[in-house]
2 protein chains.
Amino acid sequence: MGATKTDHFTEKQNSIAKMIKALGHPARIAIVEYLMKVDDCICGDIVNELPLAQPTVSQHLKELKNAGLIKGNVEGNAICYCIDEKAIEKLQHYFTGISAKLKLKKNCC
Amino acid sequence: MGATKTDHFTEKQNSIAKMIKALGHPARIAIVEYLMKVDDCICGDIVNELPLAQPTVSQHLKELKNAGLIKGNVEGNAICYCIDEKAIEKLQHYFTGISAKLKLKKNCC
DNA sequence: AGTCTTTATCGTAATATTGCAATATTAAGT
DNA sequence: ACTTAATATTGCAATATTACGATAAAGACT
């Protein structure tokens, strides 16, 4: 085995898991945090910022993009990557929802 | 290679990535969502709820516990697993923080 | 056209994850 | 002590992820 059995779970569960999984790596957290504080978002700057080789960073960016967490814009020679605000909001709402429901519940442990 | 280079990132980045990663699997999302809506949280019920074999579920529970997302309480013969509210809140705050900062910024893409 | 710069892709090695059958462990009930 | 029930651990096969060197692709510049 080794492959996740996605077909046994709901669309929603798979979809949210995919987004969350994309952020489940320190390099990708670092990328998002960098994009958050910077005004122009050039790929090359990200490569310089991270302690990883250029192909590795490129791969991480691809995964973030694939999960819908960032968007890429061709800017002449370079590429400008930005956080997709809506995706982050989706995650925020997901956790806010869980938190709210937990507060209405008495936890047994 | 194949191993994440955690030593090149900050403690915070590694720590949040670890929590997020633990949720980045539909089975573990399903477990958390199940624990959220149910009043007693017996391991056996989770096994029955999920479309996975008992050892697999046990492993997922272990990962969630290891990441601090759930707590386990021995309840006689069975084990009661509950969501750790504080962990979820931490995640909620993390995403709320990003969202808030993004709103103060003009995104270029 | 040739060159430089920037980013992506390919190929591959190392490691991690997923999933399960078999087995072990632990506590309860008899 | 024996048996049953619930959960964990072990061992292993299949697959995925991470990382990077080498190379390709695409646009800018001369």
Side-chain angles (χ1 to χ4, degrees), chain A residues 1-9 13-14 17-31 34-35 40-67 70-82 109, chain B residues 1-9 13-14 17-31 34-35 40-67 70-82 109:
Chain A
M1 320 280 146
T4 296
K5 286 184 147 189
T6 51
D7 42 324
H8 289 116
F9 300 99
Q13 286 169 339
N14 283 317
K18 189 183 169 187
M19 289 184 70
I20 292 178
K21 183 180 187 180
L23 262 183
H25 189 289
R28 296 195 289 269
I29 288 283
I31 289 173
Y34 176 74
L35 290 180
D40 45 86
C41 42
I42 300 306
C43 175
D45 295 347
I46 305 173
V47 170
N48 289 331
E49 181 81 359
L50 292 206
L52 295 169
Q54 179 267 323
T56 309
V57 174
S58 186
Q59 205 174 252
H60 282 307
L61 287 167
K62 191 180 172 185
E63 270 175 77
L64 285 171
K65 197 176 169 189
N66 194 246
I70 62 175
K71 293 177 287 185
N73 249 30
V74 180
E75 196 117 319
N77 203 2
I79 293 191
C80 170
Y81 280 111
C82 284
C109 313
Chain B
M1 320 278 145
T4 297
K5 285 184 147 187
T6 51
D7 42 324
H8 290 115
F9 300 98
Q13 287 170 339
N14 283 318
K18 190 183 169 186
M19 290 184 69
I20 292 177
K21 182 179 186 181
L23 263 182
H25 189 289
R28 297 195 288 268
I29 288 283
I31 289 173
Y34 175 75
L35 290 179
D40 44 86
C41 42
I42 300 305
C43 175
D45 296 346
I46 305 173
V47 171
N48 289 332
E49 181 82 359
L50 292 207
L52 294 169
Q54 180 266 324
T56 308
V57 173
S58 186
Q59 203 175 255
H60 283 307
L61 286 167
K62 192 180 173 184
E63 269 173 79
L64 285 170
K65 197 176 169 189
N66 193 246
I70 63 174
K71 293 177 287 186
N73 248 31
V74 180
E75 197 117 318
N77 202 4
I79 293 191
C80 169
Y81 281 111
C82 285
C109 314

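Every chain is numbered from 1, with letters handed out A, B, ... down the list of sequences.
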- Please report, rounded to the nearest Å, how far the P atom of C/dA8 is from the CG atom of A/N73. 12 Å

- Query: What distance do A/E75 atom CD and A/C41 atom SG have between them, rounded to the nearest 0.5 Å?
  - Reply: 7.0 Å

- Do A/H60 and A/T56 have side chains that get closer than 4.5 Å, going by heavy atoms? yes

- Residues from residues 47-56 of chain A lying under 4.0 Å of DNA chain D - heavy atoms: A/L52, A/A53, A/P55, A/T56

- Item | Residue A/A3, side-chain atoms from C-beta onward, closest of D/dA16, D/dT18, C/dT18 | D/dA16

- Message: Closest approach to the side chain of A/Q59, judged atom by atom: which nucleotide of D/dC20, C/dA27, C/dT7 is it?
- Response: D/dC20

- Between A/K21 and A/L61, just flag the one whose closest nucleotide in DNA chain C comes earlier from the 5' side. A/L61

- Query: Side chains of A/Y34 and A/L50: does their closest heavy-atom pair fall under 4.5 Å?
  - Reply: no

- Compare every heavy atom of B/L23 with every heavy atom of B/R28, then report the nearest pair and how far apart it is. O-CD2, 4.1 Å

- Between D/dT17 atom P and A/H60 atom NE2, what is the distance in whole Å? 12 Å

- Item | Nucleotide nearest A/I79 (side chain, heavy atoms from C-beta), chosen from C/dA8, D/dT9, D/dA28 | C/dA8

- Angle between terminal axes - the helix from C/dA1-D/dT30 to C/dT30-D/dA1, 5 pairs each end, rounded to 10°: 20°

- Item | Which residue lies more 5' along DNA chain D, comparing A/G76 with A/A27 via nearest heavy atoms | A/A27

- Task: Using the side-chain contact (heavy atoms from CB on, under 4.5 Å) rule, take B/H8 and A/L52 through it: C-alpha gap first, then chi angles, then the decisive distance, then the call.
- Result: CA-CA 9 Å; B/H8 290 115; A/L52 295 169; 5.6 Å; no

- Message: What contact category does A/E63 fall into here, base, sugar-phosphate, or nothing, at under 4.0 angstrom with non-hydrogen atoms?
- Response: sugar-phosphate

- Task: In whole angstrom, give the distance that lies between atom CD1 of A/I46 and atom P of C/dT5.
- Result: 20 Å

- Per A/K5 side chain, nearest of listed nucleotides C/dT7, C/dA16, C/dC20: C/dC20

- Task: Measure the distance from CD1 on B/I31 to P on C/dT18 and round it to the nearest whole Å.
- Result: 11 Å

- Side-chain touch A/P26/B/T4, heavy atoms, less than 4.5 angstrom: yes

- Item | Aromatic plane relationship, B/F9 with A/H25 - under 30° parallel, 30 to 60° tilted, over 60° perpendicular | perpendicular

- Contact class for A/K65 vs. all strands (heavy atom < 4.0 Å): base, sugar-phosphate, or nothing? nothing

- Message: One pair to check against side-chain contact (heavy atoms from CB on, under 4.5 Å): B/N66 and B/K18. What are the steps and the verdict?
- Response: CA-CA 9 Å; B/N66 193 246; B/K18 190 183 169 186; 3.8 Å; yes

- Query: Please give, in whole Å, the distance from C/dT30 P to B/N77 CG?
  - Reply: 12 Å

- Task: Compare the minimum distances between each of D/dT7, C/dT9, D/dA19 and the side chain of B/T4, then state the nucleotide with the smallest one.
- Result: D/dA19

- Closest non-hydrogen contact found for B/Q13 with A/I29 is CG-CG2, 3.9 Å

- Task: Quickly work out the B/F9 CZ to D/dA19 C1' distance and round it to whole Å.
- Result: 11 Å

- Note on the structure: Here the distance between atom P of D/dT17 and atom NZ of A/K18, to the nearest Å, is 11 Å

- Item | Side-chain heavy atoms of A/L61 within contact of A/I79, under 4.5 Å | no

- Task: Let me know the distance between CD1 of B/I20 and P of D/dT17, rounded to the nearest Å.
- Result: 17 Å

